[in-house]
Number of protein chains: 2
Amino acid sequence: MSEGNRPYHHGDLRAALVAEGLELTRSDGPGALSLREVTRRAGVSPAAAYRHFRDRSALLGALGLEIQSRVVERMRARTAEPGVADPAEESLRRLRGVGLGYIDFACEEPGWFEMAFFGIADVEGIGPDLARVPPFAELLAALDECVASGALPALRRPGAEFSCWSAVHGCAELIVHGPLRGAAPGLVREVAERVVDDIIVGIR
Amino acid sequence: MSEGNRPYHHGDLRAALVAEGLELTRSDGPGALSLREVTRRAGVSPAAAYRHFRDRSALLGALGLEIQSRVVERMRARTAEPGVADPAEESLRRLRGVGLGYIDFACEEPGWFEMAFFGIADVEGIGPDLARVPPFAELLAALDECVASGALPALRRPGAEFSCWSAVHGCAELIVHGPLRGAAPGLVREVAERVVDDIIVGIR
DNA sequence: GGTGCATGTGAACACCATCCACATTGGTGT
DNA sequence: ACACCAATGTGGATGGTGTTCACATGCACC
(Lines give C-alpha, C1' and ligand atoms only; values in the text may rest on other atoms or scores of the structure.)
Protein backbone atom coordinates (compact mmCIF):
# COMPACT_ATOMS: atom_id res chain seq x y z
CA MET A 1 0.00 0.00 0.00
CA SER A 2 2.78 2.46 0.89
CA GLU A 3 3.87 3.74 -2.46
CA GLY A 4 7.03 5.44 -1.36
CA ASN A 5 9.33 2.52 -0.76
CA ARG A 6 8.28 0.37 -3.68
CA PRO A 7 11.37 -0.86 -5.51
CA TYR A 8 11.79 0.14 -9.13
CA HIS A 9 11.69 -3.46 -10.27
CA HIS A 10 8.72 -5.52 -9.27
CA GLY A 11 10.32 -8.90 -8.75
CA ASP A 12 7.92 -11.12 -10.59
CA LEU A 13 5.63 -8.88 -12.53
CA ARG A 14 4.58 -11.54 -14.99
CA ALA A 15 3.13 -13.73 -12.26
CA ALA A 16 1.52 -10.71 -10.62
CA LEU A 17 -0.19 -9.72 -13.88
CA VAL A 18 -1.51 -13.24 -14.32
CA ALA A 19 -2.82 -13.27 -10.75
CA GLU A 20 -4.55 -9.90 -11.09
CA GLY A 21 -5.87 -10.94 -14.49
CA LEU A 22 -7.43 -14.05 -13.02
CA GLU A 23 -9.16 -12.00 -10.37
CA LEU A 24 -10.40 -9.43 -12.88
CA THR A 25 -11.85 -11.96 -15.28
CA ARG A 26 -13.22 -14.40 -12.75
CA SER A 27 -16.83 -13.35 -12.94
CA ASP A 28 -17.12 -11.43 -16.17
CA GLY A 29 -14.73 -13.07 -18.59
CA PRO A 30 -12.27 -11.55 -21.03
CA GLY A 31 -14.19 -8.32 -21.52
CA ALA A 32 -13.45 -7.39 -17.92
CA LEU A 33 -9.70 -7.42 -18.50
CA SER A 34 -8.00 -4.18 -19.38
CA LEU A 35 -4.26 -3.89 -19.54
CA ARG A 36 -4.41 -0.55 -17.77
CA GLU A 37 -6.48 -1.91 -14.89
CA VAL A 38 -4.36 -4.99 -14.43
CA THR A 39 -1.15 -2.97 -14.34
CA ARG A 40 -2.78 -0.43 -12.04
CA ARG A 41 -3.58 -3.22 -9.59
CA ALA A 42 -0.07 -4.53 -9.80
CA GLY A 43 1.16 -1.05 -8.92
CA VAL A 44 3.02 -0.60 -12.16
CA SER A 45 2.79 1.57 -15.26
CA PRO A 46 0.67 0.38 -18.22
CA ALA A 47 3.62 -0.03 -20.54
CA ALA A 48 5.36 -2.40 -18.15
CA ALA A 49 3.04 -5.20 -19.21
CA TYR A 50 4.58 -5.15 -22.66
CA ARG A 51 7.88 -6.44 -21.24
CA HIS A 52 6.08 -9.70 -20.47
CA PHE A 53 3.29 -10.00 -23.05
CA ARG A 54 3.27 -9.02 -26.71
CA ASP A 55 -0.20 -7.52 -26.34
CA ARG A 56 -3.46 -7.84 -24.49
CA SER A 57 -4.44 -11.04 -26.20
CA ALA A 58 -1.15 -12.66 -25.23
CA LEU A 59 -2.04 -12.06 -21.60
CA LEU A 60 -5.47 -13.52 -22.22
CA GLY A 61 -3.78 -16.55 -23.72
CA ALA A 62 -1.59 -17.01 -20.66
CA LEU A 63 -4.66 -16.75 -18.45
CA GLY A 64 -6.36 -19.33 -20.64
CA LEU A 65 -3.54 -21.80 -20.08
CA GLU A 66 -3.72 -21.32 -16.33
CA ILE A 67 -7.47 -21.82 -16.40
CA GLN A 68 -7.21 -24.97 -18.48
CA SER A 69 -5.26 -26.62 -15.71
CA ARG A 70 -7.99 -25.69 -13.26
CA VAL A 71 -10.57 -27.26 -15.54
CA VAL A 72 -8.57 -30.47 -15.44
CA GLU A 73 -8.51 -30.32 -11.64
CA ARG A 74 -12.29 -30.04 -11.62
CA MET A 75 -12.59 -33.02 -13.95
CA ARG A 76 -10.32 -35.08 -11.74
CA ALA A 77 -12.41 -34.21 -8.69
CA ARG A 78 -15.37 -35.75 -10.48
CA THR A 79 -13.61 -38.87 -11.68
CA ALA A 80 -12.04 -39.53 -8.30
CA GLU A 81 -15.38 -40.48 -6.81
CA PRO A 82 -15.67 -44.03 -5.47
CA GLY A 83 -15.56 -46.50 -8.33
CA VAL A 84 -17.20 -49.76 -9.26
CA ALA A 85 -15.61 -53.12 -9.93
CA ASP A 86 -16.47 -53.89 -13.57
CA PRO A 87 -13.76 -52.30 -15.77
CA ALA A 88 -16.07 -51.47 -18.65
CA GLU A 89 -18.58 -49.81 -16.37
CA GLU A 90 -15.78 -48.07 -14.52
CA SER A 91 -14.30 -46.60 -17.72
CA LEU A 92 -17.71 -45.28 -18.74
CA ARG A 93 -18.14 -43.78 -15.30
CA ARG A 94 -14.86 -41.99 -15.74
CA LEU A 95 -15.86 -40.71 -19.17
CA ARG A 96 -19.05 -39.40 -17.65
CA GLY A 97 -17.07 -37.71 -14.89
CA VAL A 98 -14.87 -35.98 -17.41
CA GLY A 99 -17.88 -34.45 -19.11
CA LEU A 100 -19.74 -33.54 -15.95
CA GLY A 101 -16.60 -32.07 -14.38
CA TYR A 102 -16.17 -29.84 -17.41
CA ILE A 103 -19.74 -28.63 -17.11
CA ASP A 104 -19.35 -28.17 -13.36
CA PHE A 105 -16.42 -25.88 -13.95
CA ALA A 106 -18.37 -23.82 -16.46
CA CYS A 107 -21.23 -23.40 -14.01
CA GLU A 108 -19.03 -22.52 -11.07
CA GLU A 109 -16.64 -20.20 -12.90
CA PRO A 110 -18.50 -18.78 -15.88
CA GLY A 111 -16.06 -15.95 -16.45
CA TRP A 112 -13.04 -18.20 -16.45
CA PHE A 113 -14.81 -20.75 -18.59
CA GLU A 114 -15.19 -18.14 -21.28
CA MET A 115 -11.44 -17.68 -21.36
CA ALA A 116 -10.26 -21.25 -21.08
CA PHE A 117 -9.68 -21.68 -24.78
CA PHE A 118 -8.72 -18.18 -25.70
CA GLY A 119 -5.24 -19.11 -26.80
CA ILE A 120 -6.23 -22.30 -28.53
CA ALA A 121 -6.49 -20.67 -31.93
CA ASP A 122 -2.96 -19.32 -31.61
CA VAL A 123 -1.59 -22.79 -32.08
CA GLU A 124 -0.87 -22.24 -35.73
CA GLY A 125 -1.37 -24.92 -38.34
CA ILE A 126 -4.38 -26.91 -39.34
CA GLY A 127 -4.51 -29.61 -36.72
CA PRO A 128 -2.94 -28.42 -33.49
CA ASP A 129 -2.03 -31.32 -31.30
CA LEU A 130 -5.28 -31.73 -29.43
CA ALA A 131 -3.58 -33.84 -26.82
CA ARG A 132 -1.58 -30.80 -25.75
CA VAL A 133 -4.71 -29.02 -24.58
CA PRO A 134 -4.93 -30.54 -21.11
CA PRO A 135 -8.73 -30.83 -20.74
CA PHE A 136 -8.88 -32.38 -24.19
CA ALA A 137 -6.12 -34.80 -23.27
CA GLU A 138 -8.18 -35.89 -20.30
CA LEU A 139 -11.03 -36.73 -22.63
CA LEU A 140 -8.77 -38.65 -25.02
CA ALA A 141 -7.42 -40.72 -22.16
CA ALA A 142 -10.89 -41.54 -20.89
CA LEU A 143 -11.99 -42.64 -24.36
CA ASP A 144 -8.92 -44.82 -24.81
CA GLU A 145 -9.68 -46.42 -21.48
CA CYS A 146 -13.17 -47.19 -22.71
CA VAL A 147 -11.71 -49.00 -25.69
CA ALA A 148 -9.26 -50.89 -23.49
CA SER A 149 -12.03 -52.00 -21.16
CA GLY A 150 -14.22 -53.09 -24.03
CA ALA A 151 -16.88 -50.48 -23.29
CA LEU A 152 -16.28 -48.80 -26.64
CA PRO A 153 -15.70 -50.78 -29.85
CA ALA A 154 -12.33 -49.88 -31.35
CA LEU A 155 -14.01 -49.18 -34.67
CA ARG A 156 -16.08 -46.45 -33.06
CA ARG A 157 -13.12 -44.78 -31.40
CA PRO A 158 -11.88 -42.48 -34.21
CA GLY A 159 -13.73 -39.19 -34.07
CA ALA A 160 -15.48 -39.97 -30.82
CA GLU A 161 -13.55 -37.19 -29.08
CA PHE A 162 -15.20 -34.62 -31.33
CA SER A 163 -18.68 -35.83 -30.53
CA CYS A 164 -17.99 -35.82 -26.81
CA TRP A 165 -16.31 -32.47 -26.76
CA SER A 166 -19.06 -30.94 -28.90
CA ALA A 167 -21.88 -32.15 -26.68
CA VAL A 168 -20.23 -31.22 -23.42
CA HIS A 169 -18.87 -27.88 -24.51
CA GLY A 170 -22.14 -27.00 -26.19
CA CYS A 171 -24.01 -27.89 -23.04
CA ALA A 172 -21.76 -25.64 -21.00
CA GLU A 173 -22.39 -22.78 -23.43
CA LEU A 174 -26.10 -23.42 -23.20
CA ILE A 175 -25.96 -23.07 -19.45
CA VAL A 176 -23.48 -20.22 -19.14
CA HIS A 177 -24.31 -17.95 -22.09
CA GLY A 178 -27.31 -19.52 -23.73
CA PRO A 179 -30.99 -19.85 -22.97
CA LEU A 180 -30.35 -21.80 -19.77
CA ARG A 181 -28.43 -18.96 -18.17
CA GLY A 182 -29.75 -18.43 -14.68
CA ALA A 183 -31.90 -21.54 -14.74
CA ALA A 184 -32.51 -23.39 -11.47
CA PRO A 185 -29.52 -25.54 -10.43
CA GLY A 186 -31.71 -28.61 -10.34
CA LEU A 187 -32.76 -28.17 -13.95
CA VAL A 188 -29.20 -27.43 -14.98
CA ARG A 189 -27.95 -30.60 -13.37
CA GLU A 190 -30.70 -32.61 -15.02
CA VAL A 191 -29.90 -31.22 -18.45
CA ALA A 192 -26.17 -31.76 -18.00
CA GLU A 193 -26.65 -35.39 -17.06
CA ARG A 194 -29.04 -36.01 -19.91
CA VAL A 195 -26.66 -34.49 -22.45
CA VAL A 196 -23.65 -36.43 -21.19
CA ASP A 197 -25.55 -39.70 -21.04
CA ASP A 198 -27.02 -39.18 -24.51
CA ILE A 199 -23.70 -38.58 -26.17
CA ILE A 200 -22.11 -41.53 -24.43
CA VAL A 201 -24.88 -43.75 -25.75
CA GLY A 202 -24.48 -42.16 -29.16
CA ILE A 203 -20.78 -42.73 -29.67
CA ARG A 204 -20.86 -46.44 -28.87
CA MET B 1 -21.24 9.91 -52.48
CA SER B 2 -21.64 13.69 -52.96
CA GLU B 3 -21.74 15.03 -49.45
CA GLY B 4 -23.05 18.45 -50.19
CA ASN B 5 -26.70 17.71 -50.90
CA ARG B 6 -27.24 15.10 -48.22
CA PRO B 7 -30.47 15.85 -46.38
CA TYR B 8 -30.30 16.53 -42.67
CA HIS B 9 -32.42 13.52 -41.90
CA HIS B 10 -31.27 10.19 -43.20
CA GLY B 11 -34.59 8.59 -44.00
CA ASP B 12 -34.10 5.18 -42.47
CA LEU B 13 -30.97 5.34 -40.41
CA ARG B 14 -31.86 2.37 -38.28
CA ALA B 15 -31.95 0.04 -41.26
CA ALA B 16 -28.78 1.58 -42.65
CA LEU B 17 -26.93 1.00 -39.38
CA VAL B 18 -28.05 -2.62 -39.34
CA ALA B 19 -26.93 -3.09 -42.94
CA GLU B 20 -23.50 -1.56 -42.32
CA GLY B 21 -23.21 -3.50 -39.09
CA LEU B 22 -23.83 -6.76 -40.90
CA GLU B 23 -21.11 -5.95 -43.39
CA LEU B 24 -18.65 -4.95 -40.68
CA THR B 25 -19.15 -8.06 -38.59
CA ARG B 26 -19.44 -10.56 -41.42
CA SER B 27 -15.95 -11.97 -41.24
CA ASP B 28 -14.66 -10.95 -37.82
CA GLY B 29 -17.64 -11.01 -35.52
CA PRO B 30 -18.76 -8.56 -32.83
CA GLY B 31 -15.28 -7.25 -32.10
CA ALA B 32 -15.17 -5.70 -35.54
CA LEU B 33 -18.16 -3.48 -34.84
CA SER B 34 -17.57 0.02 -33.60
CA LEU B 35 -20.36 2.52 -33.30
CA ARG B 36 -18.12 5.18 -34.76
CA GLU B 37 -17.23 3.14 -37.81
CA VAL B 38 -20.77 2.08 -38.49
CA THR B 39 -22.07 5.64 -38.29
CA ARG B 40 -19.16 6.88 -40.38
CA ARG B 41 -20.14 4.44 -43.10
CA ALA B 42 -23.73 5.53 -42.91
CA GLY B 43 -22.54 9.10 -43.38
CA VAL B 44 -23.84 10.29 -40.06
CA SER B 45 -22.42 11.53 -36.77
CA PRO B 46 -21.58 8.99 -34.02
CA ALA B 47 -24.21 10.27 -31.65
CA ALA B 48 -26.98 9.70 -34.19
CA ALA B 49 -26.89 5.99 -33.50
CA TYR B 50 -28.20 6.63 -30.00
CA ARG B 51 -31.52 7.78 -31.45
CA HIS B 52 -32.08 4.19 -32.59
CA PHE B 53 -30.16 1.98 -30.17
CA ARG B 54 -29.66 2.38 -26.44
CA ASP B 55 -26.00 1.48 -26.79
CA ARG B 56 -23.55 -0.59 -28.78
CA SER B 57 -24.80 -3.87 -27.41
CA ALA B 58 -28.37 -3.02 -28.42
CA LEU B 59 -27.17 -2.75 -32.01
CA LEU B 60 -25.37 -6.07 -31.64
CA GLY B 61 -28.63 -7.56 -30.40
CA ALA B 62 -30.53 -6.28 -33.42
CA LEU B 63 -27.85 -7.73 -35.69
CA GLY B 64 -28.17 -11.01 -33.84
CA LEU B 65 -31.88 -11.17 -34.56
CA GLU B 66 -31.31 -10.54 -38.24
CA ILE B 67 -28.65 -13.23 -38.33
CA GLN B 68 -30.86 -15.76 -36.57
CA SER B 69 -33.30 -15.60 -39.44
CA ARG B 70 -30.48 -16.28 -41.88
CA VAL B 71 -29.49 -19.31 -39.85
CA VAL B 72 -33.03 -20.60 -40.22
CA GLU B 73 -32.84 -20.06 -43.98
CA ARG B 74 -29.69 -22.15 -44.11
CA MET B 75 -31.37 -24.91 -42.10
CA ARG B 76 -34.33 -24.92 -44.46
CA ALA B 77 -32.03 -25.21 -47.44
CA ARG B 78 -30.71 -28.41 -45.93
CA THR B 79 -34.05 -29.91 -44.99
CA ALA B 80 -35.57 -29.13 -48.39
CA GLU B 81 -33.46 -31.77 -50.07
CA PRO B 82 -35.34 -34.63 -51.79
CA GLY B 83 -37.06 -36.78 -49.21
CA VAL B 84 -37.80 -40.43 -48.64
CA ALA B 85 -41.11 -42.16 -48.28
CA ASP B 86 -41.05 -43.64 -44.79
CA PRO B 87 -42.31 -40.95 -42.35
CA ALA B 88 -40.07 -42.03 -39.48
CA GLU B 89 -36.99 -42.02 -41.64
CA GLU B 90 -38.06 -38.75 -43.21
CA SER B 91 -38.47 -37.03 -39.85
CA LEU B 92 -35.01 -38.18 -38.79
CA ARG B 93 -33.60 -36.91 -42.06
CA ARG B 94 -35.11 -33.54 -41.33
CA LEU B 95 -33.68 -33.50 -37.82
CA ARG B 96 -30.30 -34.27 -39.32
CA GLY B 97 -30.72 -31.46 -41.81
CA VAL B 98 -31.51 -28.99 -39.04
CA GLY B 99 -28.25 -29.82 -37.31
CA LEU B 100 -26.11 -29.90 -40.41
CA GLY B 101 -27.63 -26.68 -41.70
CA TYR B 102 -26.72 -24.98 -38.45
CA ILE B 103 -23.15 -26.18 -38.75
CA ASP B 104 -23.04 -25.18 -42.41
CA PHE B 105 -23.97 -21.65 -41.48
CA ALA B 106 -21.27 -21.50 -38.84
CA CYS B 107 -18.65 -22.66 -41.34
CA GLU B 108 -19.75 -20.32 -44.09
CA GLU B 109 -20.29 -17.23 -41.96
CA PRO B 110 -18.06 -17.56 -38.91
CA GLY B 111 -18.29 -13.89 -37.97
CA TRP B 112 -22.05 -13.81 -38.11
CA PHE B 113 -22.31 -17.11 -36.30
CA GLU B 114 -20.49 -15.58 -33.37
CA MET B 115 -23.18 -12.92 -33.12
CA ALA B 116 -26.28 -14.97 -33.71
CA PHE B 117 -27.16 -15.33 -30.06
CA PHE B 118 -25.81 -12.10 -28.76
CA GLY B 119 -29.16 -10.81 -27.64
CA ILE B 120 -30.37 -14.09 -26.27
CA ALA B 121 -29.27 -13.35 -22.74
CA ASP B 122 -31.25 -10.11 -22.76
CA VAL B 123 -34.45 -12.09 -22.56
CA GLU B 124 -34.72 -11.64 -18.84
CA GLY B 125 -36.08 -14.30 -16.56
CA ILE B 126 -35.05 -17.85 -15.91
CA GLY B 127 -36.51 -19.69 -18.85
CA PRO B 128 -36.88 -17.46 -21.86
CA ASP B 129 -39.30 -18.89 -24.32
CA LEU B 130 -36.93 -21.01 -26.32
CA ALA B 131 -39.46 -21.36 -29.09
CA ARG B 132 -39.14 -17.66 -29.76
CA VAL B 133 -35.54 -18.05 -30.84
CA PRO B 134 -36.15 -19.04 -34.45
CA PRO B 135 -33.32 -21.55 -35.00
CA PHE B 136 -34.27 -23.21 -31.75
CA ALA B 137 -37.91 -23.33 -32.80
CA GLU B 138 -36.84 -25.13 -35.94
CA LEU B 139 -35.18 -27.78 -33.80
CA LEU B 140 -38.23 -28.16 -31.56
CA ALA B 141 -40.47 -28.66 -34.57
CA ALA B 142 -38.18 -31.30 -36.04
CA LEU B 143 -38.10 -33.19 -32.74
CA ASP B 144 -41.88 -33.06 -32.42
CA GLU B 145 -42.16 -34.44 -35.91
CA CYS B 146 -39.91 -37.32 -34.90
CA VAL B 147 -42.27 -38.15 -32.06
CA ALA B 148 -45.29 -37.92 -34.37
CA SER B 149 -43.68 -40.23 -36.90
CA GLY B 150 -42.72 -42.72 -34.24
CA ALA B 151 -39.01 -42.22 -34.79
CA LEU B 152 -38.56 -40.89 -31.26
CA PRO B 153 -40.37 -42.42 -28.25
CA ALA B 154 -42.53 -39.80 -26.55
CA LEU B 155 -40.89 -40.62 -23.23
CA ARG B 156 -37.52 -39.58 -24.61
CA ARG B 157 -38.79 -36.29 -26.01
CA PRO B 158 -38.46 -34.02 -22.93
CA GLY B 159 -34.98 -32.57 -22.79
CA ALA B 160 -33.96 -33.91 -26.17
CA GLU B 161 -33.71 -30.36 -27.53
CA PHE B 162 -30.93 -29.60 -25.08
CA SER B 163 -28.89 -32.60 -26.13
CA CYS B 164 -29.29 -31.78 -29.79
CA TRP B 165 -28.56 -28.11 -29.44
CA SER B 166 -25.54 -28.83 -27.25
CA ALA B 167 -23.95 -31.24 -29.69
CA VAL B 168 -24.59 -29.17 -32.77
CA HIS B 169 -23.66 -25.83 -31.29
CA GLY B 170 -20.60 -27.31 -29.64
CA CYS B 171 -19.54 -28.83 -32.93
CA ALA B 172 -19.89 -25.47 -34.65
CA GLU B 173 -17.73 -23.87 -31.96
CA LEU B 174 -15.17 -26.61 -32.37
CA ILE B 175 -14.93 -25.85 -36.06
CA VAL B 176 -15.12 -22.08 -35.97
CA HIS B 177 -13.21 -21.12 -32.82
CA GLY B 178 -11.85 -24.36 -31.48
CA PRO B 179 -9.12 -26.80 -32.40
CA LEU B 180 -10.71 -27.59 -35.75
CA ARG B 181 -10.43 -24.03 -36.99
CA GLY B 182 -8.90 -24.06 -40.43
CA ALA B 183 -9.13 -27.82 -40.78
CA ALA B 184 -9.66 -29.29 -44.24
CA PRO B 185 -13.29 -29.03 -45.42
CA GLY B 186 -13.44 -32.78 -45.89
CA LEU B 187 -12.48 -33.46 -42.30
CA VAL B 188 -14.88 -30.80 -41.09
CA ARG B 189 -17.74 -32.35 -42.96
CA GLU B 190 -16.86 -35.79 -41.64
CA VAL B 191 -16.76 -34.56 -38.06
CA ALA B 192 -20.03 -32.66 -38.42
CA GLU B 193 -21.83 -35.71 -39.75
CA ARG B 194 -20.42 -37.95 -37.07
CA VAL B 195 -21.48 -35.55 -34.30
CA VAL B 196 -24.98 -35.12 -35.64
CA ASP B 197 -25.47 -38.84 -36.20
CA ASP B 198 -24.12 -39.69 -32.75
CA ILE B 199 -26.43 -37.36 -30.91
CA ILE B 200 -29.44 -38.52 -32.90
CA VAL B 201 -28.65 -42.09 -31.92
CA GLY B 202 -28.12 -40.97 -28.34
CA ILE B 203 -31.41 -39.20 -27.75
CA ARG B 204 -33.60 -42.05 -28.99
C1' DG C 1 34.12 -1.57 -10.40
C1' DG C 2 32.23 -0.86 -14.52
C1' DT C 3 28.90 -2.18 -18.03
C1' DG C 4 25.15 -4.48 -20.56
C1' DC C 5 20.65 -5.96 -20.63
C1' DA C 6 16.27 -6.84 -18.74
C1' DT C 7 12.82 -4.29 -16.73
C1' DG C 8 9.88 -0.22 -15.49
C1' DT C 9 8.38 4.93 -16.65
C1' DG C 10 5.84 8.94 -18.71
C1' DA C 11 4.10 10.98 -22.28
C1' DA C 12 2.08 10.63 -26.51
C1' DC C 13 -1.13 8.91 -30.30
C1' DA C 14 -5.22 7.13 -32.05
C1' DC C 15 -9.26 5.03 -31.16
C1' DC C 16 -13.48 4.09 -28.65
C1' DA C 17 -18.51 4.59 -26.09
C1' DT C 18 -21.29 7.72 -24.26
C1' DC C 19 -23.57 12.09 -22.94
C1' DC C 20 -24.99 16.96 -23.45
C1' DA C 21 -26.92 21.21 -25.28
C1' DC C 22 -28.19 22.61 -29.53
C1' DA C 23 -29.79 22.49 -34.66
C1' DT C 24 -32.89 20.94 -38.07
C1' DT C 25 -36.87 19.08 -39.85
C1' DG C 26 -41.36 16.58 -41.06
C1' DG C 27 -45.79 16.12 -39.63
C1' DT C 28 -49.96 17.63 -36.83
C1' DG C 29 -53.52 20.44 -35.23
C1' DT C 30 -55.80 24.64 -35.83
C1' DA D 1 -51.53 28.46 -44.30
C1' DC D 2 -49.11 28.54 -40.25
C1' DA D 3 -47.20 27.57 -35.81
C1' DC D 4 -45.46 24.38 -33.05
C1' DC D 5 -43.79 19.83 -31.28
C1' DA D 6 -41.55 15.61 -31.21
C1' DA D 7 -38.27 12.99 -33.63
C1' DT D 8 -33.94 12.95 -35.48
C1' DG D 9 -29.08 14.47 -36.44
C1' DT D 10 -24.78 17.53 -34.86
C1' DG D 11 -20.42 18.93 -32.51
C1' DG D 12 -17.96 18.83 -28.86
C1' DA D 13 -16.51 17.11 -24.37
C1' DT D 14 -15.33 13.45 -21.03
C1' DG D 15 -13.05 9.59 -19.63
C1' DG D 16 -11.67 5.23 -20.94
C1' DT D 17 -8.72 2.03 -23.87
C1' DG D 18 -4.34 -0.45 -26.41
C1' DT D 19 0.03 0.46 -28.06
C1' DT D 20 4.53 2.71 -28.97
C1' DC D 21 8.50 5.48 -28.08
C1' DA D 22 12.59 7.49 -25.97
C1' DC D 23 14.29 7.35 -21.63
C1' DA D 24 15.36 5.81 -16.59
C1' DT D 25 16.86 2.33 -13.39
C1' DG D 26 19.28 -1.23 -11.25
C1' DC D 27 20.70 -6.36 -11.11
C1' DA D 28 24.09 -9.64 -12.59
C1' DC D 29 28.06 -10.68 -14.57
C1' DC D 30 32.82 -9.87 -16.38
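Numbers restart at 1 for each chain; the letters A, B, ... are given by sequence-line order, proteins then strands. Just so we're clear, the structure is a prediction, and the values are computed from it rather than from any experiment.
- When each of D/dT19, C/dT9, C/dA17 is scored by its nearest atom to the side-chain atoms of B/Tyr50, the top-ranked nucleotide is C/dA17.
- Of the charged side-chain nitrogens involved, at least one lies within less than 4.0 Å of a carboxylate oxygen, so that B/Glu37 and B/Arg40 count as a salt-bridged pair.
- Salt-bridge formation is not detected for the pair A/Arg94/A/Glu90: no Lys NZ or Arg NE/NH1/NH2 atom is positioned less than 4.0 Å from an Asp or Glu carboxylate oxygen.
- Rounded to an integer number of Å, the gap from A/Glu37 CD to D/dG15 P is 17 Å.
- B/Tyr102 has its ring centre no less than 6.0 Å from the ring centre of B/Phe136.
- The side chain of B/His52 has D/dT8 as its nearest neighbour among D/dT8, D/dG18, C/dC19.
- For the segment residues 27-36 of chain B, residues with any heavy atom less than 4.0 angstrom from an atom of DNA chain C are, sorted by number, B/Ser34, B/Leu35, B/Arg36.
- Between C/dG10, C/dT18, C/dG8, one nucleotide has an atom nearer to the side chain of B/Asp55 than all others, and that is C/dT18.
- For A/Glu190 and A/Arg194, the salt-bridge test fails: no basic side-chain N is under 4.0 Å from an acidic carboxylate O.
- One interatomic measurement links the two molecules: CZ of B/Phe53 to P of D/dG9, which rounds to 11 Å at whole-angstrom precision.
- Residue B/Arg40 places at least one side-chain N or O under 4.0 Å from the OP1 or OP2 atom of C/dC16.
- One interatomic measurement links the two molecules: CZ of A/Arg54 to P of D/dT19, which rounds to 9 Å at whole-angstrom precision.
- Rounded to an integer number of Å, the gap from CZ of A/Arg56 to P of D/dG16 is 17 Å.
- Taking the side chain as every heavy atom from C-beta outward, A/Ile67 and A/Phe118 never approach each other to under 4.5 Å.
- Taking the six-membered ring where the residue is Trp, B/His169 and B/Phe113 present tilted rings, their angle falling between 30° and 60°.
- Rounded to an integer number of Å, the gap from A/Arg51 CZ to D/dC23 C1' is 10 Å.
- Using a 4.0 Å heavy-atom cutoff across all strands shown, B/Arg14 reaches no nucleic acid atom at all.
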